[in-house]
Amino acid sequence: QVQLVESGGGLVQAGGSLGLSCAGSGRTFSSYVMAWFRQAPGKEREFVAAISGNGWRTYYADSVKGRFTISRDNAKNTEYLQMNSLKPEDTAVYYCAARHDSGYSTLPRNYDYWGQGTQVTVSS
């Protein structure tokens, strides 16, 4: 079983930056596709970004492309999301997710493990 714990959420002004971390347990962290999702009040959980097990390939939602950067450090069993040029519409609970497969997915149901989420609030 893999356990994931997010950290780094908080309140920032529009145009500011915030970095999130996701700490994972287990000995085979590098075998998982890792991703970030977010869910705003009254909206469905949506895909933000994903990264392959070895970190060579990354994928982003159009809404965050060019502003957010996903990365991972397998030696530390940690996934990161650096968020720059934040907008009020980025306000949401952000979730770390892991998938037991070699391929990424934008669908929440295809991920096997989830963190509890961390709140990101962007003021206008």
Side-chain angles (χ1 to χ4, degrees):
Q1 182 179 5
V2 174
Q3 293 184 332
L4 304 173
V5 180
E6 303 96 338
S7 62
L11 174 65
V12 297
Q13 294 182 337
S17 298
L18 196 64
L20 305 181
S21 297
C22 173
S25 65
R27 300 175 63 250
T28 58
F29 183 81
S30 63
S31 68
Y32 306 126
V33 172
M34 301 296 298
W36 290 94
F37 289 79
R38 66 187 183 186
Q39 189 164 21
K43 296 185 177 181
E44 297 180 348
R45 188 166 298 188
E46 66 175 349
F47 172 79
V48 176
I51 186 167
S52 61
N54 56 24
W56 293 350
R57 297 179 296 280
T58 57
Y59 310 90
Y60 297 93
D62 288 342
S63 60
V64 306
K65 192 174 299 182
R67 300 188 298 118
F68 291 10
T69 302
I70 188 171
S71 62
R72 67 192 296 164
D73 187 340
N74 289 337
K76 297 180 179 179
N77 281 11
T78 304
E79 177 196 23
Y80 304 96
L81 184 69
Q82 180 62 44
M83 304 182 292
N84 300 323
S85 301
L86 284 162
K87 305 174 181 179
E89 52 261 44
D90 295 319
T91 295
V93 176
Y94 283 71
Y95 297 91
C96 176
R99 171 173 162 81
H100 265 302
D101 210 329
S102 61
Y104 87 102
S105 175
T106 62
L107 303 177
R109 67 173 179 267
N110 288 333
Y111 286 81
D112 303 296
Y113 306 104
W114 293 86
Q116 292 301 306
T118 186
Q119 177 70 47
V120 173
T121 302
V122 184
S123 62
S124 61

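- For the pair Tyr111 (side chain) and Ser105 (backbone), a donor-acceptor distance under 3.5 Å is present.
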* Asked: Is there a side chain to side chain donor-acceptor pair (under 3.5 Å) between Trp36 and Glu6 once you walk through the steps?
  -> CA-CA 10 Å; Trp36 290 94; Glu6 303 96 338; over 6 Å; no

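- In this pair, Tyr113 and His100 present their aromatic rings perpendicular. The plane angle is above 60°, beyond the 30 to 60° band.
- Using a 4.5 Å cut-off between side-chain heavy atoms of Ile, Leu, Val, Met, Phe, Trp and Tyr, with links allowed through other members, Val93 and Ile70 fall into different hydrophobic clusters.
- Closest approach of Ala49 to Leu81, counting heavy atoms only: CB-CD1, 4.4 Å.
- With hydrogens and angles ignored, the 3.5 Å screen pairs a side-chain donor or acceptor of Glu79 with a backbone N or O of Ala35.
- Transitive grouping of hydrophobic side chains (ILVMFWY, heavy atoms separated by less than 4.5 Å) brings Leu4 and Val48 into a common cluster.
- For Phe68, the CZ atom sits in a packed shell: over 12 heavy atoms of surrounding residues, nucleotides or ligands are nearer than 6.0 Å.
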* **Candidate pair Lys87 and Asp90, rule salt bridge (charged side-chain N to carboxylate O under 4.0 Å, His left out), full reasoning** => CA-CA 5 Å; Lys87 305 174 181 179; Asp90 295 319; over 6 Å; no

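- If you take CG on Leu20 and CD on Gln82, they are separated by 8.5 Å, rounding to the nearest 0.5 Å.
- Taking both residues in full, the closest heavy atoms of Met34 and Cys22 are given as CE-SG, 4.3 Å, listed atom of the first, atom of the second, then distance.
- No continuous path of hydrophobic side-chain contacts links Met83 to Phe37 [ILVMFWY only; heavy atoms under 4.5 Å].
- Shown here are the side-chain hydrogen bond (donor to acceptor under 3.5 Å, both in side chains) partners of Thr78, two or more places apart in sequence or in another chain: there are none.
- Closest of all the heavy-atom pairs between Ala40 and Ala92 is N-CB, 3.8 Å.
- In this structure, the ring of Tyr59 has its center no less than 6.0 angstrom from the ring center of Phe47.
- For Arg45 and Tyr95, the positive end sits near the middle of the six-membered ring, less than 6.0 Å away and at most 45° from its axis.
- Nearest approach of Val122 to Thr91, heavy atoms of both residues: N-OG1, 2.9 Å.
- Here the closest heavy-atom approach between residue Asn84 and residue Ser17 is recorded as OD1-OG, 2.9 Å.
- Minimum interatomic distance between Asn74 and Ser30 (heavy atoms only, all atoms of both residues): ND2-CB, 3.3 Å.
- In terms of modelled atom types and a separation under 3.5 Å, the side chain of Gln13 and the main chain of Ser123 share no donor-acceptor contact.
- Under the 3.5 Å distance criterion, the side-chain polar atoms of Arg99 are matched with a main-chain donor or acceptor of Asn110.
- In this structure, Tyr80 is not a member of the same hydrophobic cluster as Val33, with clusters built from ILVMFWY side-chain heavy atoms closer than 4.5 Å.
- With side-chain heavy atoms closer than 4.5 Å counting as contact, directly or through intermediates, Trp56 stands alone and belongs to no larger hydrophobic cluster.
- By the ring pair (Phe, Tyr, Trp, His ring centres under 6.0 Å) test, Tyr60 is found to be paired with no residue, residues two or more places apart in sequence or in another chain being considered.
- A 4.5 Å side-chain heavy-atom check between Tyr104 and Arg57 finds every atom pair outside the cut-off.
- Between the side chain of Arg72 and the backbone N or O of Phe29, at least one donor-acceptor pair lies under 3.5 Å.
- With a 4.5 Å cut-off on side-chain heavy atoms, Val64 and Arg38 count as touching.
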